[in-house]
Amino acid sequence: MIDIRIQSNEFDFSQEVKNFQNNKIDGAVVCFLGSVRDLEPKETLEKLEIEYYPKMAKKVLKETAKKAFKKWSLSQCLIIHRFGELEVNEPIVLVITQTKHRKDAFKANEYIIDFLKINAPFWKKEHSPKGAKWVKQNRRDLEINF
Amino acid sequence: MIDIRIQSNEFDFSQEVKNFQNNKIDGAVVCFLGSVRDLEPKETLEKLEIEYYPKMAKKVLKETAKKAFKKWSLSQCLIIHRFGELEVNEPIVLVITQTKHRKDAFKANEYIIDFLKINAPFWKKEHSPKGAKWVKQNRRDLEINF
Amino acid sequence: MKIIYFAKIRELIGKSEEEISFPNSVKTIEDLIVFLKNHNKIYHNVFENYDFLIACDEELVDMNYEINKTKEIAIFPPVTGG
Amino acid sequence: MKIIYFAKIRELIGKSEEEISFPNSVKTIEDLIVFLKNHNKIYHNVFENYDFLIACDEELVDMNYEINKTKEIAIFPPVTGG
């Protein structure tokens, strides 16, 4: 079971976990939740704007999930990614992976988030009292070997 | 913030996630949930019995969390481990780690679960129609380098 | 050929999409970029000074990619989702 | 000296804890295991044929560990929690 959602409205992590668990299949579940960080220490984030390329974003997330699904024998996989205007602490991305053995759930989950960080067409723009600026890609993300 | 709980009563993963999120601190949260697996394909698990050494279990979990907390600059860490009699699909163990950067949350979480698998004094006994038997330690768990 | 832009590249170019006709000699992404750079100063500035990625029909491609069967080309900065 | 047992080891020994007095010559965990093995057949069987771990005052120790300051020794099978 693969579930991919790209949405502007906020999602409820705990509710997603609950829904996910209703299909009890395997023993190990790993979740990753990424939320909007403030611009510490000197600035304040007014909002985070996320632009995306709809057709391609959906395709990349789906293909990434499928690859992970096959490689680590996942029983379930959920990816949710937000777009639009977000505030500090709002959830941006959720990845849940379920497998028989925990190592696979960890590996699959990290693979998905690492891969989408450098391949899924989403762009973040930070708005603060000083103005707006596009977030730069994290160099460390590019150094990951898949 | 470190929160360690060893309890016989069931916990609600989604509720724990919700509580955890109420202290919003850093952007990356990783959760691991381990649940009772059935004895597939030939047997049926009637119940899983978990015995533990209370004083030492608490100590090991606390020290493991503290080590991870320091090493990966965690902002929050929760470990819950059950004991007593559990049924198929019930949650056994929950580890939640929160950090600024996702790689640290993944590493800390996996470290905690790997370490407790071979150091925390809990023992599982599987009861099935064929009788009861103590679970053997997984060799793969012993091959992990910390 | 339909070209679409996103994020900072979209802002720099000043539009989110356009139809561009180019000569048959433009066969690869590299040819296209050279063509656009010679087209006007805005493109020249963007493709000379900013990092960008190219997707042809929703698939990331490199500069040697041949575009003869491509329907939609997307040009955008390195992604920052997740 | 208080010795406590858990899980399969507890079942094999037939009790969850006991007080055992041993001579001054028993200085390390290894000495203790040898002493217990000579004590009776049950201990001999357990420590000869089963994997076990030792914790002194809630800390895992190896066979060379000196037990002169230990208050509680726990003997149990490899752990299987998580």
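Chain A is the first sequence line, chain B the second, and so forth, proteins listed ahead of strands; every chain is numbered from 1.
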Quick check on Lys125(A) against chain C: is it the side chain, the backbone, both or neither that has a heavy atom closer than 4.5 Å? side chain
Does NZ belonging to Lys37(C) count more than 12 external heavy atoms closer than 6.0 Å? yes
Suppose we screen for ring-ring contact (aromatic ring centres under 6.0 Å, His included). Which residues come up paired with His44(C), at least two apart in sequence or across chains? none
Sub-3.5 Å donor-acceptor pair from the side chain of Gln137(A) to the main-chain atoms of Val79(C), do we have one? yes
Output the residues of residues 64-99 of chain A for which the shortest heavy-atom distance to chain C is under 4.5 Å, in residue-number order; output 'none' if no such residue exists. His81(A), Ile92(A), Val93(A)
Contacting moiety of Asp57(C), where chain A heavy atoms sit under 4.5 Å: backbone
Strictly distance-based, threshold 3.5 Å: is any side-chain N or O of Glu58(C) a donor or acceptor partner for the main-chain N or O of Lys55(A)? no
Heavy-atom count check: over 12 atoms from other residues, nucleotides or ligands less than 6.0 Å from Asn9(A) CG? yes
What part of Glu49(A) gets closer than 4.5 Å to chain C, counting heavy atoms only: side chain, backbone, both or neither? neither
Per-residue contact mode, Lys136(A) against chain C (heavy atom under 4.5 angstrom): backbone
Taking the side chain as everything from C-beta on, heavy atoms only, tell me whether Met56(A) gets closer than 4.5 Å to Phe76(C). yes
Less than 4.5 Å apart, any side-chain heavy atom of Trp123(A) and any of Pro77(C)? yes
For Thr80(C) and Val135(A), the nearest pair of non-hydrogen atoms, with its separation, is CG2-O, 3.3 Å
Find the distance between CH2 (Trp134(A)) and CZ (Arg10(C)) and round it off to the nearest 0.5 Å. 5.5 Å
Whatever's closer than 4.5 Å to a heavy atom in chain C on Lys59(A) counts as side chain
Quick one: what part of Asp141(A) sits under 4.5 Å from any heavy atom of chain C, side chain, backbone, both or neither? neither
Please say whether more than 12 non-hydrogen atoms of neighbouring residues, nucleotides or ligands are located less than 6.0 Å from NZ in Lys100(A). no
